[in-house]
Amino acid sequence: MRLWRGGRLATLADEHGWGLVDDGALLVDNGRLHWVGPAAALPAEAADAEVVDLQGALVTPGFVDCHTHLVYGGNRANEFEQRLLGASYADIAKAGGGIRATVAATRAAGEAELLASATQRARALMREGVTTLEVKSGYGLDADTEARMLRVARQLGALGVDVRTTYLAAHALPPEAASADDYIAAACAWLPALHAAGLVDAVDAFCEHIAFSPAQVARVFDAAQALGLPVKLHAEQLSDQGGAALAAGYRALSCDHLEYLSPAGVQAMAASGTVAVLLPGAFYALRESQLPPVAALREVGVPIALATDHNPGSSPTLSPLLMLNMACVLFRLTPEEAMRGLTVNGARALGLADRGRLVAGQRADFCIWDGGHPRELTACFGYNPLIARVYQGVQGEA
């Protein structure tokens, strides 16, 4: 056993409140939190544990980045310039840019090249406290490249981060497709083999006027459901397509973006237990003005998660700490809501109940920060106060 003691713990143990424990201690055994509480109340078995002195540092659960597009080729900095000159996200996509541009670069990249660039990105997230990471496919849009992306994503787990993989072939229509319906049929046909190879943890789609219709998304979800795979959805980012209500009907793990989410969509998500994943990086980079309905989500108790949405076009950030600040400033989340969004609710958005809080029985994934209160992590930006990141009980340097 190993004992971390002498720090201020933000346990998030209950549904509300920081769960602060002053002069706290965490007893870890076999990668799990065996006991958490005030150092003055340590159990007898802690007497023989190896001790790590936290020296008064702040300890929080490890961050869960539940929505990323981390594996891809090329970059789209040119589109940043185009948007500043007046082009919209939809304009760029219709002209062959956007997702399609990244598809071309990703198809041209070999597995080793994709792994090298994705490794750098994953390490950047880890340096800001990420211990669990979701990675989507969706920049291949053909059987071989989708599989290559998912294999690369799996390999990132060797870095010391838990990686969950999501199949997002229904991300955009590839240029060679005869029709959207024909492409959806192909995307559904590729899924069983990828699942059998152990490459898919969940299935996602982009339901939008520049992507796929609710009826087409339903076909993808039916294919996922037939294999016992959970679903999630890029929903209501640019317009209200009724995607959130559709996804809720499949008891989706999450609906993500949600700027144009309707009251009916909010109610459907509340009834299904679907997590709302807010992506302030994309909101900021696209200079959106339509805010997601945070007050309505809050009122009916829909869990709110946050993620970087790292991708080369609309959210090229690798800073979960910046997302905490943006969520508070742009979306008016409270500091506690933002922290829960990157911990316990981020885990819920991936269907994971064994992380995100500092309580006995959870994975020993936590972060040690130079600070006195967790709200400090949400108030600052452009500064990384991480001292150390602990993954399954193993401590690494920041």
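Starting from 1, each residue takes its place in the sequence as its number. In what follows, every heavy atom counts, from backbone to side chain, and hydrogens, waters and symmetry copies are set aside. Here the structure is a predicted model, which is why all the values come from computation and not from measurement.
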- request: Measure the spacing between CG of Leu386 and CG of Leu58 and express it to the nearest 0.5 Å.
  value: 10.5 Å
field: Ion pair check, Arg348 and Glu15, cut-off under 4.0 Å
entry: yes
query: So, does Arg389 use its side chain to make a donor-acceptor pair with the main chain of Gly129 at under 3.5 Å?
result: no
query: Under the ring-ring contact (aromatic ring centres under 6.0 Å, His included) rule, what pairs show up with a residue in residues 107-158, not counting sequence neighbours?
result: His69-Tyr139, Tyr139-His171
field: All pairs passing ring-ring contact (aromatic ring centres under 6.0 Å, His included) where residues 195-220 contributes a residue, at least two apart
entry: Phe206-His234
message: Test of understanding: with salt bridge (charged side-chain N to carboxylate O under 4.0 Å, His left out), list the residues that count as partners of Glu336, not counting sequence neighbours.
response: Arg340
field: Thr119 side chain vs Leu115 backbone, donor-acceptor pair below 3.5 Å
entry: yes
query: For Glu79, which residues count as a salt bridge (charged side-chain N to carboxylate O under 4.0 Å, His left out) partner, sequence neighbours excluded?
result: Arg76
message: Val52: which residues meet the side-chain contact (heavy atoms from CB on, under 4.5 Å) condition with it, sequence neighbours left out?
response: Arg2, Trp4, Gln395
message: Just to verify, what does Met269 make a side-chain contact (heavy atoms from CB on, under 4.5 Å) with, not counting sequence neighbours?
response: Ala244, Cys255, Leu258, Leu261, Thr274, Ala276, Val302
field: Test item: Arg357 side-chain N/O and Thr11 main-chain N/O as donor-acceptor pair under 3.5 Å
entry: no
task: Please name the residue in the list Leu318, Thr68, Leu342, Leu125 that meets the side-chain contact (heavy atoms from CB on, under 4.5 Å) test with Val130.
output: Leu125
message: Using a 6.0 Å cut-off, check whether atom CZ of Arg154 has over 12 heavy atoms from anything other than its own residue.
response: yes
- request: Give every residue pair that meets the ring-ring contact (aromatic ring centres under 6.0 Å, His included) criterion with at least one member in residues 264-290, sequence neighbours excluded.
  value: Phe283-Phe331
Distance-only check: which donor-acceptor pairs under 3.5 Å involve side-chain atoms of residues 16-44, not counting sequence neighbours?
unit_1 : atom_1 : unit_2 : atom_2 : d
Asp22  : OD1    : Arg8   : NE     : 2.6
Arg32  : NH1    : Gly361 : O      : 3.2
His34  : NE2    : Glu45  : OE2    : 2.9

query: With sequence neighbours left out, which residue pairs that include part of residues 44-65 fulfil the ring-ring contact (aromatic ring centres under 6.0 Å, His included) condition?
result: Phe63-Trp369
message: Give me each pair satisfying salt bridge (Lys or Arg N to Asp or Glu O under 4.0 Å) with a member in residues 258-271, each pair once, sequence neighbours excluded.
response: none
- prompt: Would you call Val135 and Leu150 a side-chain contact if the rule is heavy atoms closer than 4.5 Å?
  reply: no
message: Please list all pairs meeting salt bridge (Lys or Arg N to Asp or Glu O under 4.0 Å) that have one or both residues in residues 222-248, counting only residues at least two apart or in different chains.
response: Glu134-Lys232
message: Does Glu176, at its CD atom, have more than 12 non-hydrogen atoms belonging to other residues, nucleotides or ligands within less than 6.0 Å?
response: yes
- request: Could you go through the side-chain contact (heavy atoms from CB on, under 4.5 Å) check for Arg121 and Tyr72 one step at a time?
  value: CA-CA 11 Å; Arg121 297 173 195 128; Tyr72 58 85; 3.2 Å; yes
field: Pairing residues for Arg332 by the salt bridge (charged side-chain N to carboxylate O under 4.0 Å, His left out) criterion, not counting sequence neighbours
entry: none
- request: May I ask you to say whether Asp142 pairs ionically with Arg148, meaning some side-chain N is under 4.0 Å from a carboxylate O?
  value: no
- prompt: Taking Asp204 for the side chain and Lys136 for the main chain, is one N or O donor matched with an acceptor at less than 3.5 Å?
  reply: no
